[in-house]
Number of protein chains: 2
Amino acid sequence: MRDLPLTLLRALAAVYETGGIRPAGRLLGIQHSVVSRALRDLEAWLEVPLFENRDGQRALIFSAEGVALSKAALDAMKNLEASVLVTREGSSANSVTIATTPSFAMRWLLPRLPGLTETHPKIEVSILVDQARKSPMATGADLNIRMGAQPSQDVDPIPLMDERVFPVMSPGLWEKLGKPSETDDLLDMPLLHDRDPSTSWGIWRKHVGPERLDVRKGPRLTSSDLILRAAEQGQGVALARGRLIEESVASGSLLRPFGDVELDLGTNYWIIANPETGRRRVVQNVVGWLLSEAQNVCDEAPTAISGEEQDQTA
Amino acid sequence: MRDLPLTLLRALAAVYETGGIRPAGRLLGIQHSVVSRALRDLEAWLEVPLFENRDGQRALIFSAEGVALSKAALDAMKNLEASVLVTREGSSANSVTIATTPSFAMRWLLPRLPGLTETHPKIEVSILVDQARKSPMATGADLNIRMGAQPSQDVDPIPLMDERVFPVMSPGLWEKLGKPSETDDLLDMPLLHDRDPSTSWGIWRKHVGPERLDVRKGPRLTSSDLILRAAEQGQGVALARGRLIEESVASGSLLRPFGDVELDLGTNYWIIANPETGRRRVVQNVVGWLLSEAQNVCDEAPTAISGEEQDQTA
DNA sequence: CGGTTTCGGTCTATCAAAGTCACCATGCGT
DNA sequence: ACGCATGGTGACTTTGATAGACCGAAACCG
């Protein structure tokens, strides 16, 4: 611990994140020469080459060790960053920090936040977006919302809501492709792929078909949110989580070419409360609100919307 | 990321780990004054108090935020440290890094390592001890050995071996207590408790009894290894994992007061291979060796020991 | 009670690490 | 050919981490 060259590792993390030395310098707000020197010093200190072509003039290539260490360094930096944020914002008695994935935060949580402010005006919510590469509570957030099958480990998760997936595409692309309406038409469509295994075309093909579907063709993006954006821009068909695209379907930026054909994932969203802070009153209030929000949309109940907004929607 | 005061956070982590400013200074190999200033600067930068009694002269008390941030900082430092170690040692083609818990490394893996060196002389094994607070492969180790129920998440674990737990104690304590032999005698014994839920007396009472057993009395130690050491020193009865105390029972430093009464946990040790490096030949060799070692002791076969050592044991 | 050791806080001066700046060669689009 | 991106390098500057000495307070011990 005492000898860890933290600044050098930070530089490495920045290089890994941005993919270059000058961009890393910009990210860190320092000169690129410092980053360059940092990499050299780090390699000298480790006595292990982190790059393949350190001498060449063109874009650098990470070695296997370089990738591994960079990932770890970036991870550590992100963790620290998140923890610092939580420490800063979580000091108030009425503040609740929720950690979740970018896509869920963007597509489900953020649109509903105003409702929480109305119900509990005093609660200050901080949303912490992470990649869930750490164990659930490592960030120190009060609540953690995770997607996927039940996390079996030590924690006991609260089921938030179920999920189903189905293909979606932009209206523009739909018309361009001749308004397809049968799942067999997927064969001729550009597919958009996700890293999330529960929204993989392989599962869809297995349960719905068509069997001849080639699940390898098409671009493979790293974030569900990116996938949906690509779909909205008409770049292809995405297998979407129903919960995350309610708004896009309602506003017409995405449509379901195959009607109600969908694949049920069962309960797929879980709340994991921080064992240390999760029992606080405010936190429990937020949990209750989350559960009620999930209910509202799960069972129809468009009439269950609180009165104020009806003027605008009407 | 660019503004993270890494050295200050490292100082905080050291203070958290050692419990004091001067000790932290010793740990880091710097003056205590530096640590003191670091804490002050960090609090000023965060605008959040990390300690209750920063002005007082006596041992400092962490605030809630202080504990949370310190944990995160220490965690990040440990991760970085481990990754650096892996990067340094893992650069050879014949090196395999195994990450596991302190107790498993100490009680099962280390004693068997010489055998691996005999079977595969060229393989260089590095053992990385961690606390598993991170997601399985965050350290970059080639193999990860975990205890507990099957880790359901994205990874697909290889079952290593099963486990059973039973009470053990030192021969000295056993005689002192009048050589008890019935599980009901547990009522009058000092119990040693573990953080590991699968070796908690609560589970034992539920499946074996006695029902009146008070599972709260007795010291609560943080590491399985500590528990076993305490038991060997006659400080009480520990609920031990059978796999980890074979040597102690064989050498007579621990005994099983209740004979064969035990609680089966089923498959409880898992190997998780690093998806990036786990397919390397050497790594697969080590996996094979681990599995065969687990077999050797699982089904009797004391005769399966390779010949050399029989002289000494006879 | 005084002696000793430990604790943490604070101050100043110092020195190396981290950073700025300027310049170079290279490759890639136009 | 030109502009603009990429990295690499060397000389200079600044700032932050650090050593070292000193202080007061508390605990321990005879």
Side-chain angles (χ1 to χ4, degrees), chain A residues 1-46 49-63 66-67 70 73 76-77 80 84, chain B residues 1-46 48-63 66-67 69-70 73 76-77 80 84:
Chain A
M1 175 144 125
R2 49 182 294 181
D3 298 324
L4 279 180
L6 295 174
T7 33
L8 304 190
L9 289 169
R10 165 166 54 186
L12 179 67
V15 170
Y16 182 72
E17 192 172 43
T18 60
I21 288 188
R22 280 189 122 99
R26 282 193 291 272
L27 175 68
L28 298 176
I30 60 180
Q31 296 298 115
H32 79 282
S33 59
V34 181
V35 181
S36 176
R37 252 174 46 88
L39 297 186
R40 180 157 41 85
D41 293 350
L42 189 56
E43 281 186 317
W45 183 76
L46 285 171
L50 299 174
F51 301 92
E52 303 289 358
N53 60 339
R54 201 65 186 43
D55 45 348
Q57 313 292 359
R58 213 55 200 151
L60 26 169
I61 304 169
F62 283 84
S63 72
V67 171
S70 303
M77 297 302 153
L80 282 176
V84 165
Chain B
M1 176 143 124
R2 49 183 294 180
D3 298 325
L4 278 181
L6 294 174
T7 34
L8 305 190
L9 289 169
R10 164 166 56 186
L12 179 67
V15 170
Y16 182 72
E17 192 173 42
T18 60
I21 287 188
R22 277 182 195 264
R26 282 193 290 273
L27 174 68
L28 297 176
I30 59 178
Q31 295 298 111
H32 81 281
S33 60
V34 181
V35 181
S36 176
R37 242 175 57 85
L39 297 187
R40 179 156 40 85
D41 292 351
L42 188 56
E43 281 185 316
W45 183 75
L46 286 170
V48 171
L50 298 173
F51 302 92
E52 303 289 357
N53 60 338
R54 201 64 181 57
D55 44 348
Q57 311 292 0
R58 215 53 200 156
L60 29 171
I61 303 169
F62 282 85
S63 70
V67 172
L69 186 60
S70 303
M77 297 301 154
L80 282 176
V84 165

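Note that the structure is predicted; figures quoted are calculated from it, not measured. Below, chain A is the first sequence line, B the second, and so on; all start at residue 1.
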Rounded to whole angstroms, how far apart are [atom1] on [X] and [atom2] on [N]?
X	N	atom1	atom2	result
L39(B)	dG8(C)	CG	P	10 Å
I61(A)	dT6(D)	CD1	C1'	14 Å
I21(A)	dT26(C)	CD1	P	17 Å
Q31(A)	dT9(D)	CD	C1'	14 Å
L6(B)	dA17(C)	CG	P	17 Å
L8(B)	dT15(D)	CG	C1'	14 Å
L60(A)	dA5(D)	CG	P	18 Å
F51(B)	dC7(C)	CZ	P	15 Å

**Request:** Look at the aromatic rings of F62(A) and F51(A) and report parallel, tilted or perpendicular, splitting at 30° and 60°.
**Result:**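 Geometry flag for F51(A) against F62(A): tilted rings.
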
**Message:** Less than 4.0 angstrom between a side-chain N/O of R22(A) and OP1 or OP2 of dG8(D), yes or no?
**Reply:**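 Negative; the distance criterion is not met.
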
**Prompt:** Does a nitrogen or oxygen in the side chain of R40(B) sit under 4.0 Å from OP1 or OP2 of dT10(C)?
**Reply:**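 R40(B) to dT10(C) OP1/OP2: side-chain N or O found under 4.0 Å.
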
**Asked** Is any N or O donor-acceptor pair between the side chain of S33(B) and the base of dG9(C) shorter than 3.5 Å?
**Response**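 Per atom types, no contact qualifies.
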
**Prompt:** Of the candidate nucleotides dC7(C), dG8(D), dA19(D), which contains the atom at the shortest distance from the side chain of R26(B)?
**Reply:**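 Nucleotide nearest to R26(B)'s side chain: dC7(C).
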
**Request:** Choose from dA22(C), dG8(C), dA18(C) the nucleotide whose nearest atom is closest to any side-chain atom of T7(A).
**Result:**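 Closest nucleotide among those given: dA18(C).
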
Find out whether [X] and [Y] are in side-chain contact, i.e. whether some heavy atom of one side chain is under 4.5 Å from a heavy atom of the other.
X	Y	answer
L4(B)	L6(A)	no
L42(A)	P5(A)	yes
I21(B)	L60(B)	yes

**Fill in**
Closest non-hydrogen atoms of R2(A) and L28(B), given as atom of the first, atom of the second and distance, are CB-O, 3.4 Å

**Request:** Would you classify S36(B) as touching base, sugar-phosphate or nothing, given that sugar-phosphate means primed atoms plus P, OP1 and OP2, and contacts are heavy atoms under 4.0 Å?
**Result:**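 Base, at least one base atom sits under 4.0 Å.
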
